[in-house]
Amino acid sequence: MDEANNNMYGEIEEIIDDIEQRFNQINKLSILDYPPYDHHFLKYDRNSKNMGLESAFRQRIEKEWLLLENKLPSSILVKSYEKRIDLMRTVIVGPPGTPYAHGLFFFDLLFPRNYPNCPPRIHYHSYNLDLNEFLDPKGKVTLSLLEGGNFVTNWYCGVQGKWTSEKSNILQVFTAIQTSILSTTRVNPSGREGYKKAFTLTCKGMIYMLRRPLMNFRDFVEGYFRTRAHYILLNYKKQMDGSDLMVNLFHELYRAFEQNGTYCKHHRLVDIPAKEKIKQPRVC
């Protein structure tokens, strides 16, 4: 190999190391100065006097920060903002054993002026995918803790039904989304077809996120899929049903991971008809 090629590969290795380093340094809770321009609730600007150092609102938000810092599971990541403490952005990892496993699900939050007397407003970044009946493609999140409905009543945090200012908090909301909305029991009741739809849409979401990662989360998205690509592709092969749709999506996913810097050639499907790929899976 000539010197030019050596230099080229050396530069690639440095880039890969840099991405992995940044990913490994990410904290579960980060408090940044300003919210990103693509935050859904950025236009809901607040009077800074209502969020001053001595305000009851700020004291409650700081209490939420402390709770998140101490109790957040490793599968939930949160960004908050010193200059706009009424805003948050979070990513929740899909639970194992569900069609959402290894998927990333992003939400923007707005705390109302009278928080915690009223629950926060939440917008789901759907990438225009109709994932399930509780996460609308337009961004609405259907959750009894937020809406006062009857959808989620048995999640393990110990709080049921509607939001209450005395007992409810944002950690419970995040956990409810992960354990109730993103679970096998909440998949479309059409059985296997509902599972497959949720699974394939979750994988499409991975591709869209790598193409257009949300601000403040680029390092996390790139690093996360670097570390999970192998397991995601293995799981995808187990779910494949021989349809052209799933085979084509596998190739899209494979290419997206390779473009993100993961070596995936050992997962490549041999160029044979789709049904044969499922009966006799092979790798290079």
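Along the sequence shown, residues carry numbers from 1.
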**Message:** Is the positively charged end of Arg121 above the ring of Phe111, judged by distance under 6.0 angstrom from the centroid and angle within 45° of the axis?
**Reply:**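 The answer is no, since Arg121 fails at least one limit relative to Phe111.
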**Under-4.0 Å salt bridge between Glu64 and Arg60** =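 The answer is yes: the pair qualifies as a salt bridge.
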**Message:** Treating Tyr224 as the side-chain partner and His102 as the backbone partner, does any N or O pair qualify as donor plus acceptor under 3.5 Å?
**Reply:**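 Yes: the side chain of Tyr224 pairs with the backbone of His102.
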**Prompt:** From His267 NE2 over to Glu258 CD, what is the distance, rounded to the nearest 0.5 angstrom?
**Reply:**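 Here the interatomic distance stands at 10.0 Å.
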**Message:** Taking Leu29's backbone N and O only, do any of them form a donor-acceptor pair with Asn27's side chain (distance below 3.5 Å, no angle check)?
**Reply:**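 Checking the backbone N and O of Leu29 against the side chain of Asn27, no donor-acceptor pair under 3.5 Å is found.
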**Request:** May I ask you to decide whether Glu252 forms a salt bridge with Lys204, counting only side-chain N to carboxylate O separations under 4.0 Å?
**Result:**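 Salt bridge flag = no for Lys204 with Glu252.
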**Prompt:** Is a donor on one side and an acceptor on the other found under 3.5 Å between the side chain of Gln172 and the backbone of Asn169?
**Reply:**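 Yes.
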**Prompt:** Using the benzene-type ring in the case of Trp, are the ring centres of Tyr236 and Phe199 under 6.0 Å apart?
**Reply:**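 Yes.
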**Prompt:** Is any NZ, NE, NH1 or NH2 atom of the basic residue among Glu82 and Arg58 found under 4.0 Å from an Asp or Glu carboxylate oxygen of the other?
**Reply:**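 Counted as a salt bridge, because a side-chain N and a carboxylate O are separated by less than 4.0 Å.
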**Message:** Looking only at the aromatic ring of each residue, does the gap between the centers of His125 and His40 stay below 6.0 angstrom?
**Reply:**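 Here the rings of His125 and His40 have centres that are no less than 6.0 Å from each other.
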**Prompt:** If you measure from OG1 on Thr90 to NZ on Lys79, what distance do you get to the nearest 0.5 Å?
**Reply:**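 Thr90 OG1 to Lys79 NZ: 10.0 Å, rounded to 0.5 Å.
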**Request:** Indicate the ring-plane relationship of Tyr254 and Phe250, choosing parallel, tilted or perpendicular according to the 30° and 60° boundaries.
**Result:**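 The rings of Tyr254 and Phe250 lie parallel, inter-plane angle below 30°.
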**Request:** In plain terms, say whether Asp33 and Lys83 are close enough for a salt bridge, that is, a side-chain N and a carboxylate O under 4.0 Å apart.
**Result:**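 Answer for the salt bridge query: no.
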**Asked** In terms of side-chain geometry, is the basic nitrogen of Arg84 or Asp86 positioned less than 4.0 Å from the acidic oxygen of its partner?
**Response**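 Asp86 and Arg84: salt-bridged.
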**Asked** So, Phe217 versus Phe106, ring centres under 6.0 angstrom or not?
**Response**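 Under 6.0 Å, so yes.
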**Request:** Enter the distance from Arg212:CZ to Arg218:CZ here, rounded to the nearest 0.5 Å.
**Result:**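 One finds 11.5 Å between CZ of Arg212 and CZ of Arg218.
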**Request:** Take Tyr34 and Tyr81 through the ring pair (Phe, Tyr, Trp, His ring centres under 6.0 Å) test and state the conclusion after the steps.
**Result:** CA-CA 5 Å; Tyr34 294 95; Tyr81 308 98; 9.3 Å; no
